Amino acid sequence: MSEDKHHRVMILGGGPAGYTAAIYAGRANMKPVVIQGMQPGGQLTITTDVDNFPGFENGVQGPELMEKMRAQAERFDTTMIFDAVTSTKLDKRPFEITCDSGDVYTCDALIIATGASARWLGIPAEKTLNGFGVSACATCDGFFFKGQDVAVIGGGDTAVEEAMFLTNFCSKVYLVHRRDELRAEKVMQDQMKANEKIVPVWDSVVEDILGEAGKGGVNAVKIRNVKTDEISDLPVTGVFIAIGHTPNTGIFDKQIDQDDAGYLLTKPDSTATNIPGVFAAGDVQDKTYRQAVTAAGTGCMVALEAERFLNEQEGDATRI
């Protein structure tokens, strides 16, 4: 049986952006409610070592970081709901959110922090070796492959950017692409060609990733030449999947302005969307940086803006 519940502010998504928004909203006595989705903590829950989040001089495990952020939000009277949103109605206030459980919620301000999901190849080893040599973020994990040989899979801007970044640490970076030319911008291709550490592997697709979780991790990537069907192994210790990300915006059914890739559009220097009272933070509106710390930063911004919006609506000029 469904339940009808109204809240002043609701947050969709339980990653760095959503939890940070909850911390700030809770401290403003807004009593936020977070619908965490089916993966509370977001992408960091499948990340092992996080060495680039400020405040952890020896690094921190991704799940541990998310647990700490969740607990901090709960300390400030945040209600956490383990459920998945299936649809939203944003054409009028209060906004309406329907969940997989059948529960229906309404709110006066809505914060969207549903994030983005990395696109994967669909190979079982991507899951079993995730965090043990397989990654979708060179900026996050490249540091761990100092002096090693790695492979980047893809042929667009993201793949070339990842490959270029990895040359700061790695001895050799194989760029595996199914065609014999890249889709990346010409200037990026020129930069890549000038980098002796990057070795293109043309006309090739990944058949499998070899290795064992917890016991050395990745040791090779098995590739197939699409023209000759020849199978070969590239000896690498890391595989970076760089075929893009998909923002988790399907539940908004084009109600909110989006770019061509589906990322939510926000106003300049703001987290406000085209719908008054609806705000977006984190990877759902950031296709450039996609870092935990930048997501957390926009989580702060979105809570401040939501609080000010509600105060204006309620005739209270008080600010955080």
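For clarity, every value in this text was computed on a predicted model and none was experimentally measured.
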Residues two or more places apart in sequence or in another chain: which of them pass salt bridge (charged side-chain N to carboxylate O under 4.0 Å, His left out) with Lys287? Asp259
Could you name each residue pair satisfying salt bridge (charged side-chain N to carboxylate O under 4.0 Å, His left out) that touches residues 212-225, not counting sequence neighbours?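 Found Glu207-Arg224, Glu212-Lys215, Lys222-Asp233, Arg224-Asp229.
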Listed once per pair and sorted, the salt bridge (charged side-chain N to carboxylate O under 4.0 Å, His left out) pairs that draw on residues 149-173, sequence neighbours left out: none
Qualifying residues under side chain to side chain contact (heavy atoms under 4.5 Å, CB included), relative to [X], sequence neighbours excluded:
X: Gln148; value: Phe145, Thr237
X: Arg93; value: Phe95, Asp108, Phe309, Leu310, Gln313
X: Lys146; value: Phe143, Phe169

Glu307 and Asn311: side-chain donor and acceptor closer than 3.5 Å?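 Asn311 and Glu307 do have a side-chain donor-acceptor pair below 3.5 Å.
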Residues clustered with Val205, ILVMFWY side-chain links under 4.5 angstrom: Val226
Checking one residue: Tyr263. Which other hydrophobic residues are in its cluster under the side-chain 4.5 Å linking rule? none
Under the ring pair (Phe, Tyr, Trp, His ring centres under 6.0 Å) rule, collect the residues that match up with Phe56, sequence neighbours excluded.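 Ring pair (Phe, Tyr, Trp, His ring centres under 6.0 Å) list for Phe56, sorted by chain: empty.
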Cys99: which residues meet the disulfide (SG to SG under 2.5 Å) condition with it, sequence neighbours left out?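 With neighbours one apart ignored, the set is empty.
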For Glu74, all residues meeting side-chain hydrogen bond (donor to acceptor under 3.5 Å, both in side chains), sequence neighbours excluded: Arg70
Applying side-chain hydrogen bond (donor to acceptor under 3.5 Å, both in side chains), name anything that partners Gln255, two or more places apart in sequence or on another chain. Thr88
